Amino acid sequence: MKLDLHIHTTASDGQYTPSEIAAKAAQLGLSVFAITDHDTVAGIAEGRRAAEKLGIFMLSGIEISTFDKEEIHMLGYGIEETNARLLFWCRAFAAEREGRGRKMCDYLAGLGISVDWDEILEIAGEANISRPHFAAYLQRHGYVRERKEAFQKYLDTPEFHRATDRTLPTPEEAIDLIHQAGGRAVLAHPGLLKMSDENQERLIRRCREHGLDGLECYYGKHTKEQTSYYLGLAKELGLMVTAGSDFHGEKVKPDVKLGMER
Ligand code: AMP
Ligand code: FE
Ligand code: FE
Ligand code: ZN
C-alpha cells in the first residue's frame, strides 16, 4: 500500500498548494494522504476538494509544535477543521509565530543582517511565519547558497534558540486539543527527539496515559533500528502505527520524497 500521512503545503512551510499535493498524490497512486501543516488547518478544505475531484482519499491533519524540555511535534488526524476551539488555538499559534518572527528579525539584525519584514510576509503568503521562510529570504539575498545552510549558520544554533524562545503548548495540551476536535493524536517522528532513549520512553508512556493514540513509527529519516524499536513500543503500549514522509517540496527539503510504501 502506498500512502503518506505527513505532508506540508503552502498553508505552512511547504512548497506546493494543497491542490498540487492532491494531484501529486493521485499521480503516485497513493491510497490515502494526509495534509499535516504546522499549527494550522488552513489547507484542509482545499486539499479535500481537490482529492474528491481526483477520487482519492485525504485524511485531515495538523502538526502541532509543543514543548517539554525540547520541541515535540504532535500530529492530529481526522480533526474537524471547523472546530471552534481548534481554530481559536490555531489563531493563537499564528500570533505566537508572528511574535517569534519579529524576534528572529531582531536576532539577525544583531548579526548584521537586516531583514525586511514585509518581504518575509510576502514569502510566507497565506502561511504562518516559520523558519523556512527566513531560510528562503537568506538564500534570496545571498547570505547562504542552500536553505539547509541557513539553518546551520543562523536558524538552528543555540544562540538563535536562546534569542527567539517560544511559548508552546505541552504535548498533553495538544493531545486534548486534537481529541476535542474529534481527532486522533500521534507523536511525530520520535526518532528526531534529542532526549535520551530512557526519557523518550518515559515521554511516550506519559503521553499514552494521557490518551495518545499513535506513534509515527515509519518516518523517512528513521533508521531500520529506530523503526523496529518504535514498532515494538507501539505494540506494547497499544498505539496505532502511522507512516509519513514529512514532504515539504524539493525547494524546502531536497532530500525528502512524497509517498511511502507499506
Ligand atoms: P518552525 O516550525 O518555524 O520552527 O520551522 C520548523 C521547520 O523548519 C521544519 O518543519 C522544517 O521544515 C524546517 N527545518 C528545521 N530544521 C531544519 C534544518 N536543519 N534544515 C532544513 N530545514 C529545517
Ligand atoms: Fe516544516
Ligand atoms: Fe515535525
Ligand atoms: Zn512535519
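Order of appearance sets the numbers: ligands from 1, and atoms from 1 within every ligand. The basis for the numbers below is simple: all heavy atoms, side chains too, and nothing from hydrogens, waters or symmetry mates. Model, not experiment: these values are computed from the prediction.
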H248 heavy atoms within 4.0 Å reach ligand 1 at atoms 10 (O), 12 (O)

Which N, O or S atoms belonging to the protein are less than 2.8 Å from the Fe ion (ligand 2)? D13 OD2, H38 NE2, H248 NE2

Number the atoms of ligand 1 from 1 as they appear, then name those within less than 4.0 Å of a heavy atom of P132, with their elements. 5 (O), 7 (C), 8 (O), 12 (O), 13 (C)

Sub-3.5 Å donor-acceptor pair from the side chain of N83 to the main-chain atoms of L86, do we have one? yes

Nearest 0.5 Å please: distance from the CG atom of L237 over to the SG atom of C207. 11.0 Å

Taking S12's backbone N and O only, do any of them form a donor-acceptor pair with N128's side chain (distance below 3.5 Å, no angle check)? no

Protein contact to atom 10 (O) of ligand 1 [nearest heavy atom, distance to 0.1 Å]: H38 NE2, 2.8 Å

Numbered atoms and elements of ligand 1 in range of S130, under 4.0 angstrom, heavy atoms: 3 (O)

Of all the atoms in ligand 1, which lie at a distance below 4.0 Å from a heavy atom belonging to R100? 1 (P), 3 (O), 4 (O)

Check for me whether K24 meets the cation-pi criterion with Y16, that is, NZ or CZ under 6.0 Å from the six-membered ring centre and within 45 degrees of the ring axis. yes

So, is the end of the R166 side chain (NZ or CZ) under 6.0 Å from the ring centre of F67 and within 45° of the ring's axis? no

Checking the N or O distance criterion of under 3.5 Å, is ligand 1 in contact with D13? yes

Any heavy atom of E63 sitting closer than 4.0 Å to ligand 1? no

Is it the case that ligand 1 has an N or O less than 3.5 angstrom from some N or O of R97? yes

I'd like to check the side chain to side chain contact (heavy atoms under 4.5 Å, CB included) partners of A22; sequence neighbours left out, ordered by chain and number. F33, A50, L54

Is the ring pair F134/W117 parallel, tilted or perpendicular, if the boundaries are 30 and 60 degrees? tilted

Closest N/O/S atom of H73 to the Fe ion (ligand 3), by atom name? ND1

Per-atom contacts, ligand 1 versus K253 - under 4.0 Å to a heavy atom: 11 (C), 12 (O)

The protein heavy atom nearest to atom 19 (N) of ligand 1 is F151 CB, 3.5 Å

Are Y107 and F160 an aromatic pair by the rule of ring centers under 6.0 Å? yes

One thing to verify: whether E149 and R145 come together as a salt bridge, which I'm taking to mean a side-chain N less than 4.0 angstrom from a carboxylate O. no

Donor-acceptor contact below 3.5 Å, side chain E80 vs main chain G182: no

Is it the case that the ring center of H222 lies less than 6.0 angstrom away from the ring center of Y230? yes

Who's the nearest protein heavy-atom neighbour of atom 6 (C) of ligand 1, and how far? R131 NH2, 3.7 Å

Establish, yes or no, whether a centroid distance under 6.0 Å links the rings of Y137 and H133. no

